[in-house]
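Read through the structure below, which is laid out as structure tokens, and then see the notes.
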Amino acid sequence: MTARIIDGNALAARVRGEIADRAAALSARGVQPCLAVILVGGNPASAVYVRNKVAACEKAGIRSLRFDYPEDVAQDVVMDRLAGLNADPAVHGILVQLPLPPQFDEAAVLEAIKVAKDVDGFHAENVGRLSQNQEAFLPCTPHGVMKMLEAEGVPLAGAEAVVIGRSNIVGKPMAMLLTNSGATVTVCHSRTCDLAFHTRRADILVAAVGKPRFVTGDMIKPGATVIDVGINRLPDGKLCGDVDFDSAKEVAGLITPVPGGVGPMTITMLLENTVISADRAARAAGK
Ligand code: NAD
């Protein structure tokens, strides 16, 4: 069997088109959606992510504000900036690019973002709302995965889903979203015994590990949907996922490639959350 490949670029382009239409309609009502992005330090991967986010905003008609700070900046300086952005009615989304340098209390910074502008969905209140299946800003990567599964018509209710990885950014919210959708979810992580025993039972397998080609074809149930969240840079500069694509595609039914799978959906969901926030602000202002 050779798996059908999910085209994340095509889906992202379609959704981004809809987002651009919504942004244009909001601008016509006098409220141009606006995302503020804070980058601390010189992590090259973070700089690329921020650049891509700002460029995607521009293409969608979303205004972006970018604030860059040196690696050794004091947390108070960033907190002051967040307070200003929280209070600014023209700003609808605020994002602090992670990871932050070691002198930062990351949780405190994330909680300093106004919940209504937390378009990354990392504030503890949004995480709590997600866990209770209440309306919330959803973290962009797992939200993008859910959009893909929905677009591909993958049945979720009653499915066995296995998530490899338990990070706050991907693994845990991914597991919560799948649970909320009726899947029976197993979360595997670095302390899991006999990982393959779990993965071979999965109708839906999500890999968010950060290890190149970690999941091989023999770990996959025939016909499964395999979602590769990993982005790993190889010594030759090329990108690869957490799934060994060549062996996995011979066993899976549906599979995402890297690049061109989950990655483009992550930024798309960030744009969508920003437009949703701007729409709420416009309504609240009677526009
Ligand atoms: P992380 O390092 O915070 O978490 C990795 C998880 O993998 C941990 O929970 C750990 O327990 C688990 N793990 C490590 N070794 C394991 C093993 N041997 N067996 C089972 N589990 C193991 O990483 P993260 O932030 O969750 O990101 C995961 C991957 O996804 C990375 O490659 C990252 O670059 C990528 N990522 C992609 C996007 C995107 O837009 N596509 C967004 C965020 C992260």
Side-chain angles (χ1 to χ4, degrees), residues 6-9 11-12 15-16 37 43-56 95-100 102 106-107 110 119-122 127 138-149 161-178 185-202 205-216 218-220 226-235 237-245 248 255-273:
I6 301 176
D7 186 344
N9 284 323
L11 178 59
V15 179
R16 285 188 203 193
V37 182
N43 180 324
S46 293
V48 172
Y49 292 141
V50 165
R51 206 166 54 229
N52 290 344
K53 287 168 187 176
V54 167
L95 176 159
V96 177
Q97 185 64 43
L98 301 179
L100 288 166
E106 201 164 277
L110 293 178
V119 287
D120 247 347
F122 295 155
V127 177
L138 302 176
C140 300
T141 300
H143 188 195
V145 171
M146 295 305 287
K147 281 255 183 186
M148 279 183 145
L149 294 172
V162 172
V163 178
I164 318 177
R166 58 174 162 181
S167 71
N168 290 338
I169 293 172
V170 188
K172 281 187 208 155
M174 187 75 253
M176 283 196 271
L177 284 166
L178 287 164
V185 182
T186 303
V187 180
C188 298
H189 46 75
S190 54
R191 307 297 296 270
T192 296
C193 298
D194 198 354
L195 180 66
F197 163 79
H198 297 284
T199 60
R200 282 190 199 116
R201 294 185 0 255
L205 178 60
V206 181
V209 193
K211 295 192 169 161
R213 300 179 183 135
F214 179 75
V215 176
T216 46
D218 58 317
M219 297 167 71
I220 295 169
V226 178
I227 305 289
D228 189 352
V229 176
I231 301 178
N232 306 292
R233 179 88 47 196
L234 296 171
K238 288 192 180 140
L239 290 182
C240 85
D242 290 344
V243 175
D244 177 39
F245 187 79
I255 189 167
T256 60
V258 177
V262 174
M265 287 305 290
T266 294
I267 294 186
T268 304
M269 294 301 99
L270 175 68
L271 302 178
E272 185 177 88
N273 281 348

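Remember, it's 1-based here, ligands and their atoms both numbered in the order they're listed.
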- Query: Going from CE on Met148 to OG1 on Thr256, what distance comes out if it is rounded to the nearest 0.5 angstrom?
  - Reply: 6.0 Å

- Message: Residues around ligand 1, heavy atom under 4.0 Å from any ligand atom, sorted by chain and number. Can you pull those?
- Response: Thr141, Ile164, Gly165, Arg166, Ser167, Val170, His189, Ser190, Ala208, Val209, Gly210, Lys211, Phe214, Val229, Gly230, Ile231, Asn232, Val262, Gly263, Thr266

- Does the ring of Tyr49 carry Arg51 above it, NZ/CZ under 6.0 angstrom from centre and within 45° of its axis? no

- Just do the salt bridge (Lys or Arg N to Asp or Glu O under 4.0 Å) check on Arg16 and Glu272 with the steps written out, would you? CA-CA 8 Å; Arg16 285 188 203 193; Glu272 185 177 88; over 6 Å; no

- Message: Quick check for you: to the nearest 0.5 Å, what is the distance between Asp242 atom CG and Ile231 atom CD1?
- Response: 9.5 Å

- Message: Is the shortest side-chain heavy-atom distance between Val145 and Leu177 below 4.5 Å?
- Response: no

- Message: If you count every heavy atom of other residues, nucleotides or ligands that lies below 6.0 Å from Arg213 atom CZ, does the total exceed 12?
- Response: no

